[in-house]
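To keep things clear, I will list the structure first and then write my remarks on it.
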Protein chains: 2
Amino acid sequence: MALALLEALRRRDVLADHVRTIADAEAMARLGTYDVLVLDRRLPDGEGLDLVAALRQRRHPVPILVLTALGTVDHRVNGLDSGADDYLAKPFAIEELLARLRALQRRGPALSDRYLSFGNLSVDPRSSEISIAGSLVEFPRREYLVLEALMRRPNRIVTRPNLVEAVYALEDEIESNALDAHISRIRKKLLLAEATVEIRAVRNIGYLIRTKA
Amino acid sequence: MALALLEALRRRDVLADHVRTIADAEAMARLGTYDVLVLDRRLPDGEGLDLVAALRQRRHPVPILVLTALGTVDHRVNGLDSGADDYLAKPFAIEELLARLRALQRRGPALSDRYLSFGNLSVDPRSSEISIAGSLVEFPRREYLVLEALMRRPNRIVTRPNLVEAVYALEDEIESNALDAHISRIRKKLLLAEATVEIRAVRNIGYLIRTKA
DNA sequence: CTGCGTGTAATGTAGCTGCAATCTTTGGCT
DNA sequence: AGCCAAAGATTGCAGCTACATTACACGCAG
């Protein structure tokens, strides 16, 4: 069905990408470059609504349309209340789906947490820009990803595996202390820019970001 | 039915007002103090969709849900394409309507645009014209397409694949650094015209346009 | 024929990033 | 308290690769 949908979209000059798993979808949603997300409830690695909830918890503003074979009123209410913007039960007419996508795209992303702010540090996930004490500070890609992941949960522990996943999402790498190295480099920059936050290690678990004593 | 709906809303502590005619609805919409508008297609003084179209033409950003007894796919597509954000056919479950209203209210009003302006650069997609610092600058087609794609999301990353698709839509795509070459040429023009914006590469992901430091 | 637009390729370059070697800190244990 | 092993921190280095730029050839339009 996904392929048929892709074909229909392409025929109408709609640019679309397709992945099969929640994990991949999450990684791509993080890029933040999509106008709309179309999601099936049943996916190989879990329940689509969980992804909706996860994205919304992080204040991800992308409009989401959920497709499903589960068509009862309760399912629809659940779907919408989990944070989706529209909910369409199969079977449906392609034309209706397209019209609903147009409606969502027209409306655009929700006004979002444009910035993840904590202490005097602020991260704009859309542009991948970080400013400290009001001035822009350049971070290379990997360092940025680590810092963003930490900033999404200030004051809370982010596990090592989580961080690795955030940084190396689709790729497969790392058999060294590369992550530690990144952390170290980030710390150096934070110090240099006189950030009021610091990154603390939690032995055997991961890291967390918090305000400096 | 409106009265039953009002009662249901009231029972859930949702504040709602009710009018019977398009004229009244338009007047109240002008006040701009509502989170969501619920509209029936058949109204005493006309067709509900006309009001939708009229509001949208004036760039009114309020989310609109259209209710109707007309339930065919074509009706739904028409309704959505006239500018409504959701479309629900009777009969419907009150709970679903409420969930959809919550979804719309959550998302908030749309931002109106259609004129791509950023820094001292402005793009008119209709005429494919670009002006920098107030004066018109000629861009060849491919360069224009790249720049427009970037300007549709100022300050946000546009992925390489997206850019490629934006430029080469259906045509056979490329297998070289043609995109990079375009970017380079665009940059040269931006510099020459003293634009206050610049195009930044985001390693491994794509490009974004932002205001110059 | 001429000029512009565009794809391709060659070349240059910067700086990211993984790795490993070395220090420092931590926490558990006696 | 003191010690030790393991985890974390730091840093230099080298390879790499993605990006930038330029030159060039081809093709199409006027």
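All chains are named by letter (A, B, ...) in the order of the sequence lines, taking the proteins before the strands, and each is independently numbered beginning at 1. Only this structure's heavy atoms are used, side chains among them; waters, hydrogens and symmetry mates stay out.
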Please state how far atom [atom1] in [X] lies from atom [atom2] in [N], giving the value in whole angstrom units.
X: B/I157; N: D/dA18; atom1: CD1; atom2: P; value: 17 Å
X: A/E143; N: D/dT10; atom1: CD; atom2: P; value: 13 Å
X: B/I186; N: D/dT21; atom1: CD1; atom2: C1'; value: 14 Å
X: B/K189; N: C/dG5; atom1: NZ; atom2: C1'; value: 9 Å
X: A/N177; N: C/dC23; atom1: CG; atom2: C1'; value: 13 Å
X: B/D180; N: D/dA18; atom1: CG; atom2: P; value: 11 Å
X: A/L179; N: D/dT10; atom1: CG; atom2: C1'; value: 14 Å
X: A/F139; N: C/dT17; atom1: CZ; atom2: P; value: 13 Å

NZ/NE/NH1/NH2 to OD/OE distance under 4.0 Å, A/D180 and A/R160: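 Answer for the salt bridge query: yes.
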
Sidechain N-carboxylate O distance under 4.0 Å for B/E148, B/R141: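 So B/E148 does not pair with B/R141 through a salt bridge.
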
Has [X] got a side-chain N or O lying under 4.0 Å from the OP1 or OP2 atom of [N]?
X: A/K188; N: D/dA9; result: no
X: B/R142; N: C/dG5; result: no
X: A/S184; N: D/dT10; result: yes
X: B/R200; N: D/dC19; result: no
X: B/Y168; N: C/dG7; result: yes

Sugar-phosphate only, base, or nothing, as touched by A/R160 at under 4.0 Å among non-hydrogen atoms: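 Sugar-phosphate, no base atom in range.
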
Sugar-phosphate only, base, or nothing, as touched by B/Y207 at under 4.0 Å among non-hydrogen atoms: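 Touches sugar-phosphate only.
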
So, [X] versus [Y]: side-chain donor-acceptor pair below 3.5 Å or not?
X: A/T68; Y: A/R76; result: no
X: B/S122; Y: B/S131; result: yes
X: A/Y144; Y: B/R203; result: no

Criterion salt bridge (charged side-chain N to carboxylate O under 4.0 Å, His left out) on B/R210 and B/E198, from CA distance to verdict: CA-CA 6 Å; B/R210 71 167 191 188; B/E198 63 183 352; 3.2 Å; yes

5' precedence on DNA chain C between A/H182 and A/R203 (nearest-nucleotide basis):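 Looking at DNA chain C, the more 5' nearest nucleotide goes with A/H182.
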
Earlier contact from the 5' end, DNA chain C, for A/A181 and B/P140: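 Here B/P140 is the residue nearer the 5' end.
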
Side chain B/N204 and base C/dT17 donor-acceptor under 3.5 Å: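 When only heavy-atom distances are counted, B/N204 does not reach the base of C/dT17 through any donor-acceptor pair under 3.5 Å.
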
base_contact_polar (C/dT6 base, B/R185 side chain, donor-acceptor, <3.5 Å):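 Not at all, since no donor on one side and acceptor on the other fall under 3.5 Å apart.
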
Any donor-acceptor pair under 3.5 Å from B/N120 side chain to B/T196 backbone: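 Confirmed, B/N120 side chain pairs with B/T196 backbone.
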
Helix axis bend for the helix from C/dC1-D/dG30 to C/dT30-D/dA1 - C1'-based end axes, five pairs, 10° rounding: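 The two end axes of the helix from C/dC1-D/dG30 to C/dT30-D/dA1 meet at 30°.
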
B/L65 and B/D85, any side-chain heavy atoms less than 4.5 Å apart: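 No; the side chains remain at least 4.5 Å from each other.
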
5' precedence on DNA chain D between A/R187 and B/V202 (nearest-nucleotide basis):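 Nearer the 5' end of the strand: A/R187.
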
